[in-house]
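For reference, positions follow the sequence shown, starting with 1.
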Amino acid sequence: MGKYKKLGVNIVTFFVGNMGSRLIQFIFIPMYTYWLTTYEYGIIDTVVITVSLCCPLVSMSIHDALLRFLLEHDGKENEYYSASLFLGAIGSLFFLLSAFVFNSIDLLRPYWLYFYIYMVLSVFFYIQNSLIRGLEYNKLYSGLGVINTLLQALCILLLVGKFRLGIDGYLMSMIIAYASSLLVSIFATKSWNYFSTKYISKCQIQSMLMYSLPLVPNAMMWWVINSSDKYMILYLLSPEANGVFAIASKIPLVINVAYSIFLMAWQISVVEERNQEGKENFYHMIYLCMISGLFIFASFIMIFIKPAILTFLSDGYNETWKYIPLLLISAIFTCLAGYYGSFYVAFKKTGGALKTSMVCAMVSICLNLFLIRYIGLLGVAMSNLISFLTLYVYRIIDTKRFLIIKPESVLVLCNTAILITQTFIIYFLDGYVAFLILIFLFVLMTFINRSLLVKIVAILKEIVQKKYYGKNSV
């Protein structure tokens, strides 16, 4: 199978499963805003992002190593999986000590048991997902995403919507969904065939940890970049403000979700092509497609931000439209930085991922501490944008040590200028005038990226022709 075709097929497979699950989440957002107060949603968001912080620490990011090593296809699946489960179990036992930390925080003390169970389930859920992806059971992976999200939605509908259990009901729903999905994945893959204590070797554990351990502080730096602002909002503003910002972050999350779907397929392709002749041309073409797709998609969303928020969300969340435009632009640079970050994984240069993420995290913390005090939640959005732009530029420079990809700076700058103009229109104009100008800017961006869109269509057409007419692979 040609490299473009395989990438395209994998993207479509992951897209079908993940967009189904994300669509369910998106549909339920308005319901959450009616069932949960801004205070309750702020507490829930804090628990969830704390799990995202602790998961790499508890698991030692072994799920990342498992996926990367499985992609070598060297027949050692049993050793990799057994070592991963062993390390995940050890980390989960040590994490019982988190009770002392949780009990010192008044807001979170009542939810420690939920937190711990959710944390442990997440560790093994990610390990299981890495096994599925590494074995390239991509349809199963996508299906599990839908099952997990659908179970979450149904449980929240019952426990929060019907029985009004609030925070407890939401967290119980997460636990039920993760536990059920984990069991389904184990039985679907017959994972017990890949595990045995005899496959757990000190040598294999050391080899995997050498790859994964630099990813632990790297993941924590990403948590600092993405989530530390939530704690600063809680401390400097209020849980209500955190709830508002959590909802504002859901809309730009559409871009991050779309990219995460692409990344699942891209990680496979970038590893498989790393030693092939002409890999730079392949990488560059995909990069160009990313630029056009991300900016055009964001420009389209800009058209509907304000009317959608004011129409579909309850009054307590009306101000969320103010923060979404900057968060959308921030999401684009997150994705572009992530594209360059994928090369650290493919070429096993995980130390570079840590180094660049640390710089981004420091920028994010400093700007948040300064800007939140003066312009509130708008300062958080600005901090996000500047820190991810910094990460993107730094990674362009840093990856030149082992791979050179033309950054297309002029194209990125032109597209960014259009999005910033749309942002000002949203802030300062209303009604049909604003709507028409936003549409015009969207058309202008599409025109600027027209040549790349033609290339994207040509690649897709070639993939389809090869699939149905049996032509040679690219």
Residue K349 excluded, over 12 heavy atoms near NZ under 6.0 Å
no

S191-Q128 side chain donor-acceptor pair, cut-off 3.5 Å
yes

Taking the side chain as everything from C-beta on, heavy atoms only, tell me whether Y287 gets closer than 4.5 Å to K406.
no

Is a side-chain N or O of Y80 found less than 3.5 angstrom from the main chain of L131, in a donor-acceptor match?
no

Please find the pair of heavy atoms, one from V270 and one from S342, that lie closest to each other, and give the distance.
CG1-O, 4.3 Å

Whether the side chain of Y259 engages the backbone of G338 through a donor-acceptor N/O pair (distance < 3.5 Å, no angle test) should be reported.
yes

Flag side-chain contact, heavy atom, 4.5 Å: I324 against P252
yes

Looking at R133 and S130, would you say the former's side chain and the latter's main chain have a donor-acceptor pair under 3.5 Å?
no

Between W192 and Y81, is the ring-ring contact (aromatic ring centres under 6.0 Å, His included) condition met? List the steps.
CA-CA 10 Å; W192 53 83; Y81 183 62; over 10 Å; no

For the residue pair I132 and T189, establish whether any side-chain heavy-atom pair is separated by less than 4.5 Å.
yes

Between N138 and M264, is there a side-chain heavy-atom distance shorter than 4.5 Å?
no

Ring center gap for F95 and F115 short of 6.0 angstrom
yes

Heavy atoms of other groups near F402 CZ, more than 12 under 6.0 Å
yes

Would you say the side-chain atoms of S196 pair up with the backbone N or O of Y199, donor to acceptor, closer than 3.5 Å?
no

Contact summary for Y39 and P239, nearest pair of heavy atoms:
CD1-CB, 3.4 Å

Test F163 against W35 for ring-ring contact (aromatic ring centres under 6.0 Å, His included), laying out the working first.
CA-CA 11 Å; F163 294 112; W35 294 336; over 10 Å; no

CE of M119 to OG1 of T50, rounded to nearest 0.5 Å, is 10.5 Å

N242 side chain to G42 main-chain N or O, any donor-acceptor pair under 3.5 Å?
yes

Below 4.5 Å, heavy atoms only, C-beta onward: do F333 and L385 meet side chain to side chain?
yes

About how many Å separate OH of Y170 and CD1 of I43, when rounded to the nearest 0.5 Å?
13.5 Å

Could you go through Y283 and W266, starting from their C-alpha distance and side-chain angles, then the distance that decides it, and tell me whether this counts as ring-ring contact (aromatic ring centres under 6.0 Å, His included)?
CA-CA 10 Å; Y283 293 162; W266 175 242; 5.6 Å; yes

Answer yes or no: is there a donor N or O on one side and an acceptor on the other, between the side chain of S387 and the main chain of S364, under 3.5 Å?
no

S357 side chain to R395 side chain, donor-acceptor N/O pair below 3.5 angstrom
yes

Take E72 and K76 through the salt bridge (Lys or Arg N to Asp or Glu O under 4.0 Å) test and state the conclusion after the steps.
CA-CA 9 Å; E72 297 285 353; K76 297 181 180 179; over 6 Å; no

Could you check whether any side-chain heavy atom of E77 comes within less than 4.5 Å of a side-chain heavy atom of L135, counting everything from C-beta outward?
yes

How far apart are the C-alpha atoms of Y339 and F343, what are their side-chain angles, what is the distance that settles it, and do they pass the ring-ring contact (aromatic ring centres under 6.0 Å, His included) test?
CA-CA 8 Å; Y339 166 83; F343 298 125; 5.1 Å; yes

With no hydrogens and no angle check, is any side-chain donor or acceptor of D45 less than 3.5 Å from a backbone partner on Y41?
no

Any chance the side chains of N78 and Y194 put a donor and an acceptor closer than 3.5 Å?
no

Give every donor-acceptor pair under 3.5 Å between a side-chain atom in residues 207-215 and any protein atom, sequence neighbours left out.
residue: S212; atom: OG; partner: M60; partner atom: O; Å: 3.0
residue: S212; atom: OG; partner: M208; partner atom: O; Å: 3.3

S61 side chain vs D64 backbone, donor-acceptor pair below 3.5 Å:
no

Exactly one candidate in Y392, Y340, Y344 meets side chain to side chain contact (heavy atoms under 4.5 Å, CB included) with T356; the answer is Y344

Strictly by modelled atom types, are Y114 and D168 linked by a side-chain donor-acceptor pair under 3.5 Å?
yes

Main-chain N/O of Y317 paired to T320 side chain as donor or acceptor, under 3.5 Å
yes

Expected output: side-chain S173 to main-chain I156 donor-acceptor under 3.5 Å:
yes

Residue M382 excluded, over 12 heavy atoms near CE under 6.0 Å
no

